[in-house]
Amino acid sequence: MTSAPNTYENILEIKDLQTSFFTKDLEVKAVDGVSFTIPKGKILGVVGESGSGKSITSLSILRLIEDPGKIVGGEIRFKGENLLDKTEAQMRKIRGNEISMIFQEPMTSLNPTFTVGQQISESYKIHQGLNKKQAKERSIEMLKLVGIPSPEKRVDQYPHELSGGMRQRVMIAMALACDPDLLIADEPTTALDVTIQAQILDLMKDLQERLGMGILLITHDLGVVAETCDYVAVMYAGKVVEFTDAKTLFKSPKHPYTVGLMKSIPPHDHDIEGDLSVIRGSVPSPAEMPKGCRFAPRCPFATDLCRENLPDLITDEEGNQIRCWIYSDEWNGDPEVDVHAETERTT
Amino acid sequence: MFKYIIRRIIQTIPVLIGVSILVFSMMHLVPGDPAQIMAGESAPKEQVENIRERLGLNDPLPVQYLSYIGDALQGDLGNSMRSGRDVTSEIGARFWVTVELAVYSTIVAVFIGLIAGVISATRKYSFADTSLMLIALFGLSMPNFWLGLMLIQWFAIGIDLPSWVPFISDTSWFKPSGWGSFQQVVLPVITLGTGSAAIIARMTRSSMLDVIGQDYIRTARAKGVKERIVVYQHALKNALIPVVTVVGLQFGGLLGGAVLTESVFAVNGMGKLIIDSIKARDFPVVQGTILVVALLFVIVNLIVDITYRYLNKRIDLD
Amino acid sequence: MQKQKELLKVTDLKQYFPIKGGILGRTVNHVKAVDGVSFTIYEGETLSIVGESGCGKSTTGRAILRLDEPTSGEVEFDGNNLLDYSKKEMNKVRKDMQIIFQDPYASINPRHTVRQILTEAMEIQNSVPKQERNDRVLELMQTVGLGPHQADRLPHEFSGGQRQRIGIARALSVDPQLIIADEAVSALDVSIQAQVINLLKKLQRDFKLTYLFISHDLGVVRHISDRIIVMYLGKIVEIADKKSLFNNQMHPYTKALLSAIPSTNTEVKRERIILKGDVPSPIDPPAGCRFHTRCPFATDLCRTEVPELRNGDGMTDGHMAACHYMEEIKNGEHQPTVV
Amino acid sequence: MSHSTEHIDNPRTAVKPPNPRFRNWNIVLRKLKKNKSAMIGGFLILFFILVALIGPYITPYAPQTQIMVNKLQPPSFEHWFGTDNFGRDIFSRIIHGTGLTLLVGFFSVLLGATVGVLFGIIAGYYGGRIDSIIMRLMDILLAFPGILLALAIVTVLGGSLVNVIIAVAISSIPVFARIVRGSTLSVKKLEYIDAMKALGASDARIIFKHIFPNITSPIIVQATLNIATAILSASGLSFLGLGAQPPTPEWGAMLSDGRNFLYNAPHVALFPGLAIVAVVLAFNMLGDGLRDAFDPKTKE
């Protein structure tokens with residue numbers, strides 16, 4: 001389980017992805033050198049706060065970045081082939097067929113003027129050349145698969161006639177229609193209530209086991225990651241700071257940011273005495289990135305080394321990756337530093 | 001849906017009552033004695049008295065209003081002071097002339113406006129977009145009576161151009177006045193429709209751009225839908241919904257604009273009737289015609305509202 | 001705790017929002033957003049209301065402050081029923097009860113500086129003499145962790161967390177006794193959320209504040225509350241002190257809600273209860289127990305009879321739940337009726 | 001209907017509020033400066049204002065001077081825009097009419113906007129019965145298409161420039177009332193309005209200090225665009241002979257004179273029309289630019 005993810009056959013390998021947004025005289029690096037891999041049939045969680053670049057990463061994979069954004073560098077290897085080398089026509093054959101995507105807002109992600117059935121059928125028509133009748137039959141099957149009661153009736157309804165949870169099920173049905181190898185889910189449950197979130201996550205896990213696709217799950221909720229994912233990439237300010245398997249991450253997080261993040265969430269299953277730990281300050285804006293490690297200004301362990309130089313992503317013998325000077329040979333601070341020690345508890 | 005239609009119809013009743021009160025009070029708000037004004041300043045006393053009697057001006061106002069409405073509901077809008085004929089038959093044939101003018105203009109405006117708007121939106125910031133929107137801005141800023149005069153000057157009278165310039169040098173084929181034949185219809189329709197075409201083009205463009213930025217368009221792209229289909233099926237269908245409302249309002253606006261167009265082209269419609277009657281101080285005709293046009297407008301708006309509601313399924317039905 | 005002073009007592013509070021419709025646009029039905037809610041807030045405590053969207057938790061908070069006029073019920077503050085007050089009298093007591101909102105962007109006027117925002121609050125209630133207001137502004141800013149040099153800045157120059165601090169300072173500026181925090185930390189990123197939670201706890205200690213804390217996040221609620229109310233579809237299903245609620249929850253909905261929250265603790269394998277279906281519409285809520293449509297233990301009794309909020313066997317003082325079968329479920333006599 | 005019930009919890013957040021981001025005048029001006037069309041419009045307006053202020057003192061001919069021997073002369077070096085049927089210099093008349101046109105546009109919008117904003121803000125803030133009554137009244141005014149309402153009002157009041165201003169103002173009231181009501185409703189939903197209520201602020205304070213300053217953008221945009229419409233309507237009324245009376249050098253009225261000479265002297269109708277187009281275009285360009293500049297979605 002803890003062997004190197006790289007030795008698996010990977011459905012997706014991202015290397016040094018860079019996506020920027022351009023204004024007249026400014027380049028904002030929203031994603032700046034992101035690398036991670038998803039082994040076949042596994043679930044990778046990408047976590048980060050707002051502004052970490054996690055959603056831009058997911059849109060970059062399908063090459064759905066719109067102006068003034070642009071992928072400026074890196075590789076996105078899907079089943080071994082670099083998606084950045086594909087033509088737009090080739091990409092269209094992949095989208096919704098081999099890689100599909102579900103979005104955060106089930107209320108706005110479905111076209112209000114088409115029935116649920118029409119929207120699912122479209123995938124079958126585009127990618128499998130089915131006729132209208134066949135496509136509708138398959139759509140009803142998909143609706144049944146995602147647990148929508150009386151699918152024969154629902155297939156002819158419009159999105160506004162469905163609840164938020166139902167719509168997200170429809171989105172999943174649409175995404176899974178062509179049996180994709182990779183599903184990208186961008187905050188699929190953030191807009192939903194916890195009891196509905198539990199239903200949707202349960203459904204996604206169940207379908208993943210049955211259909212065997214890889215999933216890239218983007219979320220800000222560490223709990224969701226812990227319950228669903230095999231691997232986790234933690235993002236901060238456009239970079240992956242820690243990439244490891246989920247069990248290791250939650251047992252012994254290594255990056256001071258990951259540690260701080262976990263400690264600042266009040267748990268619902270046990271009490272903590274006194275104040276919550278906090279990470280001081282706030283996420284830097286992409287236009288004013290710190291020179292060295294991007295977390296240095298907020299990091300309780302930062303030294304001049306951190307403030308001046310950007311650390312590399314270091315891979316340890318277990319294949320876990322971390323972007324922090326503390327774990328490098330160059331570390332010049334306290335050699336016994338314990339990232340799990342008490343952090344700040346200010347207001 | 002049926003319930004909604006009934007409710008909307010009932011809701012228009014107070015508006016119609018308000019409109020009728022406003023139109024009715026027109027005559028009474030005129031400073032001075034309406035009977036005297038109608039008869040002319042130097043008219044003999046008994047003639048004024050005669051008019052007053054005929055119009056029931058001696059009754060209390062509410063009684064006058066009720067009898068006016070009562071008559072109007074039966075199709076009796078009083079008699080013209082000028083011709084003595086009843087207002088309803090004065091309006092009669094002219095009604096259809098104006099409606100034809102407005103309908104043709106609307107059709108032309110929708111056709112041109114939609115095409116221009118979609119081209120602009122799909123090629124945002126291109127040369128085509130910039131020029132189309134510039135033309136639209138001009139169309140919006142032109143007084144239609146001036147456009148009408150210029151069209152007459154160029155296409156019905158003709159300008160002195162060297163004879164080797166084809167077509168334009170012999171443009172007197174179009175007729176500068178009247179209504180009925182194709183030669184007579186084209187210029188007024190262009191005159192009246194230009195402003196609306198501009199508004200519809202601008203509205204279509206902004207509505208398209210708005211829709212293109214929606215989440216569900218991204219969903220369609222993520223499904224692998226071709227860009228052409230994304231634009232012409234997924235986006236256009238949603239973008240047209242607000243355009244419907246604008247088209248409806250434009251039709252009403254054109255009924256008003258017809259006053260000027262008809263005046264320029266001497267088209268014998270309701271607009272020209274209003275102007276002629278205002279100048280002749282023929283108040284019953286003015287009142288009657290304005291009432292009819294307002295009624296028509298209210299009905300058109302009602303139809304547009306219902307269509308909008310039907311198209312926009314996101315609004316809950318009842 | 002039971003002997004503490006009752007600061008606010010809510011009795012049978014109802015908030016129905018009319019639905020216009022029919023041919024003449026009359027009120028044809030009501031959204032029963034809050035339907036007969038009673039509870040007491042004791043001085044100095046933090047009472048939380050949790051529940052999913054549509055349960056009526058925010059509406060309850062707004063009704064107490066009469067931001068929406070409640071349909072019926074009583075809200076006693078210091079022994080007087082606020083709902084009997086005229087608008088003028090009500091505006092006077094507003095000094096004692098303030099509210100902090102969810103959205104740090106929408107909750108402060110974008111064109112007023114921090115100084116203007118805070119001064120205006122003091123001006124409205126005349127809580128601080130004119131010449132002292134300036135000092136008080138700076139003092140308040142310091143209290144919530146903002147620097148005096150930021151006093152003349154406009155909201156757009158602040159981050160979300162800082163704006164939330166401005167909102168808190170505004171609430172504090174009139175020296176209230178009770179603060180209603182309506183999802184006050186929900187819109188913030190976790191690292192910022194922790195800062196604001198710590199601030200709220202500190203303020204409570206320093207100024208002896210009483211909180212009514214409305215949230216959907218049970219982790220936050222567990223950290224900040226003394227007692228907790230769980231609401232479902234306009235009604236209270238369970239009310240208890242923190243310890244009883246998290247260790248000995250009695251209502252099947254509370255259990256399901258707690259089990260549905262994803263946990264970062266991967267060591268312990270938990271049993272999850274996944275509720276079926278959606279929350280029904282509050283326009284025509286289900287008869288009997290409102291939770292019966294999704295409850296795994298529901299019987300015919302649940303479908304017809306409304307369960308009372310009661311203190312059952314084996315429950316601590318002040319712990320009440322509204323379930324016909326809570327004791328039987330607890331000791332295993334009543335098994336799930338649907339699988 | 002199986003609609004979700006999310007909005008019930010807090011009915012005020014059901015509709016997405018407008019972006020409460022502060023409207024920074026610096027940003028608006030910067031955006032405006034980069035908008036070529038808006039800048040051209042703005043400079044054109046300044047130019048016309050200048051013409052209106054000093055033009056009458058430097059025109060080559062008095063606008064009313066009739067020299068019958070010079071009648072209907074085509075544009076020439078002495079008469080740039082030619083002469084009309086009374087031998088008056090059209091160029092001079094247009095310059096003298098500039099101020100008139102601007103004043104009519106400005107005052108009718110000022111009048112219409114003041115009343116409309118008041119109605120709209122009251123209807124939007126108080127809602128309920130007051131809202132219904134005001135908006136039904138607006139519906140009645142809106143039931144008269146285009147310039148027909150202005151026409152009816154001028155019929156009653158009699159044809160004169162002042163009456164044209166009043167008529168055009170009245171017909172623009174409902175436009176402002178609707179826009180302001182909509183903006184008021186969305187600002188009213190913002191939490192800071194609730195915060196003010198929770199502090200015990202009076203209605204007047206909330207309306208004037210917290211709502212009105214936050215809805216000025218749409219009012220400014222609409223007012224600018226409405227000046228364009230008002231000028232068109234007013235010149236239309238004059239064209240019909242129901243506005244400014246001869247010999248006032250009003251552009252619409254001058255155009256009306258020109259229609260009789262389309263055969264032999266088309267310039268009489270051409271130039272006043274071009275003048276109207278230029279002014280209206282300028283206000284439309286500026287209005288469009290302001291709308292974009294105020295919109296937080298458009299980037300700098």
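Below, chain A is the first sequence line, B the second, and so on; all start at residue 1.
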*asked:* As an exercise, state the distance from OG1 of D:Thr155 to CD1 of B:Ile274, rounded to the nearest 0.5 Å.
replied: 8.5 Å
*D:Asn284 to B:Ser141 - nearest heavy-atom pair and separation*: ND2-OG, 2.9 Å
*Considering only heavy atoms, which portion of B:Leu254 lies under 4.5 Å from any heavy atom of chain D: side chain, backbone, both, or neither?*
neither
*Side chain B:Trp146, main chain D:Leu255, donor-acceptor under 3.5 Å*: no
*Side chain from CB out, backbone as N, CA, C, O: work out which of these in D:Leu141 comes under 4.5 Å of a heavy atom of chain B, or both, or neither.*
side chain
*asked:* Does any backbone or side-chain atom of B:Val300 lie under 4.5 Å from a heavy atom of chain D? Answer side chain, backbone, both or neither.
replied: neither
*Heavy-atom distance under 4.5 Å to chain B: side chain of D:Phe144, backbone, both or neither?*
both
*asked:* I'd like to verify something: which residue of D:Leu148, D:Asp139, D:Val156 has the highest number of heavy-atom pairs under 4.5 Å with chain B?
replied: D:Val156
*Heavy-atom distance under 4.5 Å to chain D: side chain of B:Leu137, backbone, both or neither?*
both
*From B:Gln11 CD over to D:Ser132 OG, what is the distance, rounded to the nearest 0.5 angstrom?*
9.5 Å
*With rounding to the nearest 0.5 Å, note down the distance linking CG in B:Leu134 to CG in D:Leu281.*
7.5 Å
*List the steps, then state whether side chain to side chain contact (heavy atoms under 4.5 Å, CB included) holds for D:Arg291 with B:Ser206.*
CA-CA 12 Å; D:Arg291 177 169 30 213; B:Ser206 71; over 6 Å; no
*Does B:Lys279 use its side chain to pair, donor to acceptor, with the backbone of D:Leu242 at less than 3.5 Å?*
no
*Give, as side chain, backbone, both or neither, the part of B:Phe251 having an atom under 4.5 angstrom from any heavy atom of chain D.*
neither
_Qualifying residue for side-chain contact (heavy atoms from CB on, under 4.5 Å) with D:Leu151, from B:Ile275, B:Val286, B:Ile290_ = B:Ile275
*Considering all heavy atoms of both residues, which atom of D:Ala143 and which atom of B:Val15 are nearest to each other, and what is their separation?*
CB-CG1, 4.2 Å
*For B:Gly18 and D:Ile140, work out which heavy atoms get closest and say how close.*
CA-CD1, 3.4 Å
_Please find the pair of heavy atoms, one from D:Gly236 and one from B:Phe145, that lie closest to each other, and give the distance._
CA-CE2, 3.4 Å
_For a quick test of reading the model, state the closest non-hydrogen atom pair linking D:Leu142 to B:Phe297 and the distance between them._
O-CE2, 3.0 Å
*asked:* Around atom CZ of D:Phe106, are there more than 12 heavy atoms from other residues, nucleotides or ligands closer than 6.0 Å?
replied: no
*So what's closer than 4.5 Å to chain D heavy atoms on B:Met142: side chain, backbone, both or neither?*
both
*More than 12 non-hydrogen atoms from neighbouring residues, nucleotides or ligands closer than 6.0 Å to CZ on B:Phe138, yes or no?*
no
_Approximate separation, where rounding is to 0.5 Å, of B:Leu260 CG and D:Leu237 CG_ = 8.0 Å
*What part of B:Leu149 lies closer than 4.5 angstrom to a heavy atom of chain D: side chain, backbone, both or neither?*
both
*May I ask you to name which of B:Val264, B:Asn301, B:Leu255, B:Val298 has the most heavy-atom pairs under 4.5 Å with chain D?*
B:Val264
*So how far is it from D:Leu232 CG to B:Leu140 CG, rounded to the nearest 0.5 Å?*
8.0 Å
*Proximal component of D:Ala152, with respect to chain B [non-hydrogen, under 4.5 Å]*: both
*Take atom CZ of D:Arg178 as the centre, draw a 6.0 Å sphere, and report whether it contains more than 12 heavy atoms from other residues, nucleotides or ligands.*
no
*Taking every non-hydrogen atom, the tightest pair across D:Pro145 and B:Ala294*: CD-CA, 4.5 Å
